[in-house]
Amino acid sequence: MKPLVMVTGGTGYIGSHTAVELIQEGFEVVIVDNLSNSKHEVLNGIEAITGVMPHFENFDLCDLKRLRKCSEKYPRLEAIVHFAALKAVGESVDIPLDYYHNNFESLINLLRIMGDYSIPNMVFSSSCTVYGQPDHLPVTENSPVKKASSPYGNTKRVSEEIIQDAIRANSTIRAISLRYFNPIGAHPSANIGELPLGVPLNLVPYLTQTVIGKREELRVFGNDYNTPDGTGIRDYIYVVDLARAHVIALKRLLESKNKKPYEVFNLGTGKGYSVMEIINTFEKATGEKVKFKIYPRRPGDIDAVYADTTLANKELGWKAETSLEQTLFTAWNWEKALNNKK
């Protein structure tokens with residue numbers, strides 16, 4: 001019998017790609033999503049790639065009663081891969097209470113049902129934002145976790161603490177937090193990809209929408225950072241490489257080869273690219289020209305951050321394998337596929 005896994009936020013960007021990788025690795029997947037920032041049609045994309053339509057439950061994780069009913073409906077659940085969260089740095093500065101309510105309440109409810117329904121394993125979607133503006137680069141898992149520069153970053157930092165406290169109180173629960181850097185790109189089939197509702201809050205979908213003609217220009221927020229070209233530097237990781245890391249982490253928990261109740265791993269490429277380097281690389285990879293304009297910095301953004309991935313490479317046997325050019329090319333193919341569906 002296939003191991004049954006709940007994927008929260010599974011119709012979202014990273015969640016849908018992870019659902020694909022899980023299904024292809026022999027897992028049975030239950031997606032829970034309230035579709036607040038995704039579309040039901042994503043399930044069709046998952047089925048087109050895998051040949052399997054995952055189970056789907058449409059409700060908000062902040063609703064504990066609904067979550068309990070869901071847990072009772074799927075009594076074989078062995079693990080939760082938790083993505084569902086509000087996740088935009090700039091937006092979190094404007095509506096912090098929404099972020100604190102949603103991101104904390106949903107996690108607390110999941111930890112409650114893990115204890116009540118004997119679901120022992122969680123892979124948690126964390127973020128490099130927990131490191132703030134690092135003192136030294138690249139960032140390792142031992143780098144100081146700092147006061148967050150945004151409410152979003154703070155929810156990830158505190159969520160990790162909540163998970164650790166829950167584990168200390170209940171020795172049957174084990175978890176791995178994956179601190180990712182900046183996921184980009186789309187599945188090579190172009191059946192799923194990043195699908196922001198409304199104006200994109202991330203660089204690459206805004207870039208591709210600009211080139212396809214949906215946006216007038218790409219907004220580059222800030223050119224006065226302490227970086228070689230003045231634009232912010234981030235570690236951009238291919239979403240499929242990232243999704244595969246979740247499968248490896250989940251197997252690590254299920255196979256119990258490692259007895260540690262809680263672990264943390266950085267997921268990135270180990271190299272930082274500036275916004276201008278992303279623009280230039282996209283133009284090189286696709287042959288398309290990007291129209292952009294410099295705007296003031298956004299609140300909460302930092303100069304630079306990129307990962308030291310040594311621990312994930314060694315302990316998980318995982319590394320990011322896809323080049324930036326290939327990754328940006330998949331993002332462009334996805335944007336063109338969306339445009340052709342109209």
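One is the number of the first residue; the rest follow in order along the sequence.
Neither side chain, Tyr238 nor Glu321, offers a donor N or O lying under 3.5 Å from an acceptor on the other. Tyr206 and Glu217 share no donor-acceptor pair across their side chains, judged by distance under 3.5 Å alone. Under 3.5 Å, the side chains of Tyr100 and Asn154 contain a donor-acceptor pair of N or O atoms. No side-chain donor from either of Tyr152 and Glu91 sits under 3.5 Å from a side-chain acceptor of the other. At a cut-off of 3.5 Å, with distance as the only test, no side-chain donor of Asn142 or Thr140 sits close to an acceptor on the other residue. Residues Glu21 and Thr18 bring no donor and acceptor atom of their side chains to less than 3.5 Å of each other. One side chain, Tyr131 or Asn266, offers a donor N or O that lies under 3.5 Å from an acceptor on the other. In the model, Asp229 has a side-chain atom that pairs as donor or acceptor with a side-chain atom of Ser274 under 3.5 Å. Looking only at atom types and distance, the side chain of Asn202 has a donor-acceptor partner in the side chain of Glu194 under 3.5 Å away.
Taking the centre and axis of the six-membered ring of Phe221, the NZ or CZ atom of Arg297 falls outside the cone set by 45° and 6.0 Å.
More than 12 heavy atoms of other shown residues, nucleotides or ligands fall within 6.0 angstrom of atom OH in Tyr180.
Across all their heavy atoms, Ser177 and Glu160 have their closest contact at OG-CG, 3.9 Å. Taking every heavy atom of both residues into account, Lys156 and Ala85 meet most closely at NZ-CB, 4.1 Å. Scanning all heavy atoms of the two residues, the minimum distance from Gly10 to Asp33 falls at N-OD2, 3.4 Å. The nearest pair of heavy atoms linking Ala186 to Trp334 is CB-CB, 3.5 Å.
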Passes side chain to side chain donor-acceptor pair (under 3.5 Å), Asp235 versus Thr269? Steps please.
-> CA-CA 6 Å; Asp235 187 335; Thr269 65; 2.7 Å; yes

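Under the 30°/60° scheme for interplanar angles, the aromatic rings of His17 and His187 are found to be tilted. The aromatic rings of Phe124 and His82 are tilted relative to each other, their planes meeting at an angle between 30° and 60°. Between Tyr74 and His55, the angle of the ring planes lies from 30° to 60°, which puts this pair in the tilted group.
A salt bridge does not link Lys319 to Asp241: none of the charged side-chain nitrogens sits closer than 4.0 Å to a carboxylate oxygen. With salt bridges taken as basic N to acidic carboxylate O contacts below 4.0 Å, one links Arg252 and Glu315. Contact check on Glu57 versus Lys69 returns no salt bridge, with no Lys/Arg side-chain nitrogen under 4.0 Å from an Asp/Glu carboxylate oxygen.
At distances below 3.5 Å, not a single donor-acceptor pair connects side-chain atoms of Thr281 with backbone N or O atoms of Ile278.
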